[in-house]
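Notes follow once the structure below has been shown.
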Protein chains: 2
Amino acid sequence: MAETIIPKATAKRLPLYYRYLTFLANSGTTKVSSTELSEAVKVDSATIRRDFSYFGALGKRGYGYDVNDLIKFFKKILNQDRLTNVALVGVGNLGHALLNYNFRQANNIRISAGFDLNPEIAGTIQSGVPIYPMADMVEQLREQQIEIVILTVPTDAAQDITDDLVKAGIKGIMNFTPLRISVPSYVRVQNVDLATELQTLIYFLEHYGPTLKDADDAE
Amino acid sequence: MAETIIPKATAKRLPLYYRYLTFLANSGTTKVSSTELSEAVKVDSATIRRDFSYFGALGKRGYGYDVNDLIKFFKKILNQDRLTNVALVGVGNLGHALLNYNFRQANNIRISAGFDLNPEIAGTIQSGVPIYPMADMVEQLREQQIEIVILTVPTDAAQDITDDLVKAGIKGIMNFTPLRISVPSYVRVQNVDLATELQTLIYFLEHYGPTLKDADDAE
DNA sequence: GCAATATTGTGCAATATTTCGCTTTTCAAC
DNA sequence: GTTGAAAAGCGAAATATTGCACAATATTGC
Ligand SMILES: NC(=O)c1ccc[n+]([C@@H]2O[C@H](COP(=O)([O-])OP(=O)(O)OC[C@H]3O[C@@H](n4cnc5c(N)ncnc54)[C@H](O)[C@@H]3O)[C@@H](O)[C@H]2O)c1
Ligand SMILES: NC(=O)c1ccc[n+]([C@@H]2O[C@H](COP(=O)([O-])OP(=O)(O)OC[C@H]3O[C@@H](n4cnc5c(N)ncnc54)[C@H](O)[C@@H]3O)[C@@H](O)[C@H]2O)c1
């Protein structure tokens, strides 16, 4: 399915590059060097060149990269040329914050359905997104052919709901609960463990010297 | 400052282990093997043993690890034996969700001050946390000796505010904005880039075969 | 058209991390 | 005690990722 096979570490940086490139394009910049990009996204310039090189020779030696060419290229690679619908399960504190965020603008992603147990929320429309009761979840996901879900339910409920999501044919879950959910191998889970990240930050501050690079990104 | 020097990858997993260990302790379990842990946290058992071994021989061959011993040990390592105060800058959608979350229960972390530009919020108390106007930020951070800040402001304001945070003596920033902020080398930034992670998930679904491990954690 | 300059693309070495496979130790049962 | 099974600890190989350093090549100004 993949052209060549891109290192995972590279894949994780692509959206970052893409966002900065669109920013450059919006401010009228037409060319960019790996050194300039490096400063903006805080990734070593050699790493950027290597990352790009996996996709072929996208730049011109002695000149740099054409911003619009890169955007056109990465737009396809990153599925930014079509809208991706995702669902939100658990419309509580975090869920609401995510609902209110415009993922569409920069990422062409839309939360197109929400699900919640709470009867006061289920059946309403929040920030323009219909919230369904849990009983309708599998059916709605199937019907709307949604393959990606953001999971922001209480930890206790996470595994049971996950099992239902799998039944509904979900392919990817962005999991905000601290539970490491179990899924079949064909389902991909991206854990976003905010408390852990905060603790990791504290650990680094306590145990590592002041000058140390990276440590980034939830990973 | 560090005993030995723990690989970054290991450090990132410690809070995960710690959480599961406290869960085990709460349910009355007194011993655990690397294999059992492995299933719960989805980290290879050899990796877990290696991670633990950086801190010495914490287990007993043929038996496993004593849950309470491990907890006692990691509690110190992870600063869980004392309360860590952090500040929240930008009390909007995301900020509110974080304010309402009890980091103290599992992580002994507390948001003890908030800051916001909006005069309708500044001066109030939200979820038990006083919100100050931006003009008071540097002073309050210094006074309360807060070293860690969660940054949830609009992207445009992120760099300017970061510069002030650095002036206030902040050591660590958990950055929720998509901007890669610039800081001096003695300040550590942990980026939590939700939109990017969602895009990465989509990328993996499109371009990698179904069976592939890991890719986890904002990292 | 030529020289000077900028900047890519990449071989390769360095570094980081994971995983295998085996040895050693401990525990539990008899 | 003795024995068998379980599981840690760890050397070393495998894998993944980064970053240096430089040759190759395009661009720009003259
Ligand atoms: N809020 C944060 O800042 C934060 C930080 C770190 C981790 N988390 C994690 O994110 C998850 C959500 O946190 P939150 O603060 O939004 O919680 P919340 O309690 O505010 O929201 C949970 C939502 O899920 C709904 N819900 C409860 N049981 C359900 C079920 N069985 N099926 C469907 N919906 C159900 C509730 O009605 C509620 O709307 C939790 O696992 C939490 O640990 C949150
Ligand atoms: N909400 C999400 O789900 C989400 C998702 C991905 C990324 N983010 C990022 O997180 C950040 C915050 O998002 P949000 O949705 O909470 O935004 P928001 O607009 O709801 O909240 C921002 C808050 O910052 C305050 N603010 C504005 N300018 C300020 C300044 N100069 N100084 C101090 N405070 C100021 C505002 O009053 C507001 O309370 C943004 O950078 C956004 O891109 C949010």
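Owing to the predicted nature of the structure, the values given are computational and were not obtained by experimental measurement. By convention in this document, chain letters (A, B, ...) are assigned in the order of the sequence lines, proteins followed by strands, and residues within each chain are numbered from 1.
In this structure, A:Thr200 contributes its side chain and A:Thr196 its backbone to a donor-acceptor pair below 3.5 Å. Side chain of B:His207 to backbone of B:Ile202: no donor-acceptor contact under 3.5 angstrom is found.
Atom-to-atom, CD1 of B:Ile48 to C1' of C:dT19 comes out at 13 Å; the value is rounded to the nearest Å. The distance between atom CG of A:Asp51 and atom P of D:dA16, rounded to the nearest whole Å, is 16 Å. Atom OH in B:Tyr208 sits roughly 11 Å away from atom P in D:dA16 (whole-Å rounding). Atoms CD1 (A:Ile6) and C1' (D:dT18) sit 16 Å apart, rounded to a whole Å. In this structure, A:Ile5 places its CD1 atom 15 Å from C1' of D:dT15, rounding to the nearest Å. Atom-to-atom, NZ of B:Lys8 to C1' of C:dT18 comes out at 15 Å; the value is rounded to the nearest Å. Separating the CZ atom of A:Phe52 from the C1' atom of C:dT10 is a distance of 16 Å, rounded to the nearest angstrom. Between the P atom of D:dA16 and the NZ atom of A:Lys12 lies a distance of 13 Å, rounded to the nearest Å.
When the nearest nucleotides of DNA chain C are assigned to A:Glu36 and B:Thr47 by heavy-atom distance, the more 5′-ward of the two goes with A:Glu36. Where A:Arg49 and A:Pro7 meet DNA chain D, the nucleotide closest to each residue was compared, and A:Pro7 sits on the side nearer the 5' end.
For C:dT17, neither phosphate oxygen OP1 nor OP2 lies less than 4.0 angstrom from any side-chain nitrogen or oxygen of B:Tyr54. Side-chain nitrogen and oxygen atoms of A:Arg13 include at least one within less than 4.0 Å of the OP1 or OP2 phosphate oxygen of D:dT18.
Side-chain N/O atoms of A:Asn108 and A:Gln80 include no donor and acceptor closer than 3.5 Å. Counted by atom type alone, B:Lys75 and B:Thr22 present zero donor-acceptor pairs between their side chains at under 3.5 Å.
Residue A:Ser53 places its side chain closer to C:dT10 than to any other of C:dT10, D:dC10, C:dT8. Among C:dT8, D:dG19, D:dT18, the nucleotide with an atom closest to any side-chain atom of A:Ser33 is C:dT8.
Salt-bridge annotation for B:Asp51 and B:Arg13: present, with a side-chain N of the basic residue lying under 4.0 Å from a carboxylate O of the acidic one. Electrostatic pairing of A:Glu206 and B:Arg188 does not count as a salt bridge here, judged by no charged N lying under 4.0 Å from a carboxylate O.
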Canonical and wobble pairing (Watson-Crick, G-U, under 3.5 Å) of DNA chain C, dot-bracket with |: ||||||||||||||||||||||||||||||

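The minimum heavy-atom distance linking A:Arg142 with A:Ala168 is given by the pair CG-O, 3.8 Å.
Using bins of under 30°, 30° to 60° and over 60° for the plane-to-plane angle, the ring pair B:Tyr17/B:Phe74 lands in the tilted bin.
Contact annotation for B:Tyr65: backbone-only contact, meaning every heavy-atom pair under 4.0 Å involves sugar-phosphate atoms and none involves a base. Residue A:Ser45 is out of contact with every strand shown, counting any heavy-atom pair closer than 4.0 Å. Heavy atoms of B:Thr10 sit nowhere under 4.0 angstrom from any nucleic acid atom.
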Contact pattern, 5' to 3', of nucleotides 25-30 of chain C - B, S or - by protein heavy atom under 4.0 Å: BBS---

Trace of the side chain to side chain donor-acceptor pair (under 3.5 Å) decision for A:Gln159 with A:Thr162: CA-CA 5 Å; A:Gln159 186 61 60; A:Thr162 296; 4.8 Å; no

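A donor and an acceptor atom sit less than 3.5 Å apart, one in the side chain of A:Arg50 and one in the base of D:dG19.
Seen from the ring of B:Tyr65, B:Lys60 does not count as a face-on cation partner, given the 6.0 Å and 45° thresholds.
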